[in-house]
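First comes the structure, then the notes that go with it.
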Amino acid sequence: MTATPERLDRFMARAVAAYYATRQPFGRQGDFITAPEISQAFGECLGLWAAVVWQAMGRPDPVLLVELGPGRGTLMADALRAVGEVAAPFRAALRLHLVEASPRLREAQRAALGGAVAAWHEDPATLPDGPAILLANEFLDALPIRQFVRRAGAWAERHVREGRFVELPAEEAPPLPETAPEGAIAEASPAARALARALAARLAAQGGAALFLDYGHAGGGFGDTLQAVSRHGRADPLAAPGSVDLTAHVDFAAIAAAAREGGAAAHGPLPQGLFLQRLGLMSRAAILARAAAAAGRRDQAGLILSGAERLVAAEGMGRLFKALCLCHPALPAPPGFEPG
Ligand code: SAH
């Protein structure tokens, strides 16, 4: 008997949930490494970014600080430490809520953040009402995508059966270009769009901002960006669902458009390198490196500088990764997104 083909987004949702439920993906021993695991300055800068946005919002108390997909909790631990040192009123006003599907990673977050967490959520829909500042690093890339292939003047949709792609006529497809070369692949993430739209409606009604950092493109064009990573190398995305990290490039233009439909303003996307430099990430890293060198830890000082460099350099994560901010339309451009 042949298995029923499964639409790619359903396959991906299942594979990603199984992966994060059972694996410890981060770091040298794991499958991949993310910005907060590379440099503590990353979380520190984002914490101070949130504090400045809070000032611009009129210092609401309480205010929700939310992270979507916090992984090991490293970003938030660094952010809270920095905020506690230089923005005590914001630290006192914030209520920390984490959106995390994986029970295993919730435990890791509890270990990193302890009593600082007010509540965990499966989904942003269950967050309490009120003004909110949201942070999300490498969250959107894990949301499921659909893929369409141009065949004989029409769009077919990719499904998965027994570790291989099969193409079936596209049903209830999102709007796709009328013309495309034979064999072209178009991607869409209805899940990411729905999330952006719902968050935007919330921000427009209740105030606040959401910052997304991820790898992706500013929109348009064709191509297959589905990728699987295992032990820091490429793997087959379909072969062993749940055992490899499955992601796709984020279409930032689609996210920004969905956010505007929801009533929010969208700033960016900007290259991550430019954004982090504007937030002073390299200066912060230089201070940390000097302190390490002064304490006789020269190797550590070198690692601090090379880690920060990797986050901002164009040939590292500075160009492919991008920053996009959705916010209440009355807020000024948030730090890093100022025009010019
Ligand atoms: N932000 C962290 C982790 C990125 S990995 C870092 O930068 O290191 C993606 C994270 O999103 C994981 O914590 C994963 O469990 C979570 N995640 C993925 N899909 C999710 C979903 N649909 N709902 C909630 N959390 C999800």
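Atom set for the values below is all heavy atoms of this structure, side chains included, hydrogens, waters and symmetry mates excluded. When a ligand or atom number is given, it counts from 1 through the structure's own listing order.
- Proximity to Thr34 (heavy-atom distance under 4.0 Å) selects the following atoms of ligand 1: 6 (C), 7 (O), 8 (O).
- Ring-plane geometry between His97 and His121 is classed as tilted, the angle between the planes lying from 30 to 60 degrees on a 0 to 90 degree scale.
- At the shortest separation from atom 18 (C) of ligand 1 among protein heavy atoms lies Ala142 CB, 3.9 Å.
- Counting protein heavy atoms only, atom 23 (N) of ligand 1 is closest to Ala101 CB, 3.8 Å.
- Checked by distance only, ligand 1 and Gly69 come closer than 3.5 Å through their nitrogen or oxygen atoms.
- Of all protein heavy atoms, the one lying nearest to atom 5 (S) of ligand 1 is Tyr20 OH, 3.2 Å.
- Between the side chains of Glu100 and Gln109, at least one donor N or O lies within less than 3.5 Å of an accepting N or O.
- Scanning the protein heavy atoms around atom 13 (O) of ligand 1, the nearest turns out to be Glu100 OE1, 2.6 Å.
- Atoms of ligand 1 found under 4.0 Å from any heavy atom of Leu105 (numbered from 1 in listed order, with element): 12 (C), 13 (O), 15 (O).
- Two rings, from Phe321 and Phe275, have their centers 6.0 Å or more apart.
- Ring geometry for His217 against His249 counts as tilted: the plane angle lies between 30° and 60°, on a 0 to 90° scale.
- Close approach of ligand 1 to Gly71 (heavy-atom distance below 4.0 Å) involves ligand atoms 2 (C), 3 (C), 13 (O).
- Given atom 20 (C) of ligand 1, the protein heavy atom at minimum distance is Phe139 CE1, 3.8 Å.
- Distances from ligand 1 to the non-hydrogen atoms of Leu75 include no value under 4.0 Å.
- Neither the backbone nor the side chain of Ala136 comes within 4.0 Å of ligand 1, counting heavy atoms alone.
- Within the 4.0 Å heavy-atom criterion, both parts of Asn137, backbone and side chain, lie near ligand 1.
- Considering backbone and side-chain N/O atoms, Phe26 never comes within less than 3.5 Å of an N/O atom of ligand 1.
- For atom 4 (C) of ligand 1, the closest non-hydrogen atom on the protein side is Glu138 O, 3.5 Å.
- Looking at Arg193 and Glu261, a side-chain N of the basic residue comes within less than 4.0 Å of a carboxylate O on the acidic one, giving a salt bridge.
- The aromatic rings of Tyr20 and Phe32 sit perpendicular to each other, their planes meeting at more than 60°, with 30° as the lower class boundary.
- A donor-acceptor contact under 3.5 angstrom links the side chains of Tyr215 and Thr247, judged on distance only.
- Thr34 and Glu138 are not linked by any side-chain donor-acceptor pair at a separation below 3.5 angstrom, with hydrogens and angles left out of the test.
- For atom 22 (N) of ligand 1, the nearest protein heavy atom (residue, atom name, distance) is Leu143 CD2, 3.9 Å.
- Counting the atoms of ligand 1 from 1 in the order shown, those under 4.0 Å from a heavy atom of Pro36 are 6 (C), 7 (O), 8 (O).
- A salt bridge is absent between Arg158 and Glu167: the closest approach of a Lys/Arg side-chain nitrogen to an acidic carboxylate oxygen does not fall below 4.0 angstrom.
- Judged by distance alone, the side chains of Gln227 and Arg234 do bring a donor and an acceptor atom under 3.5 Å apart.
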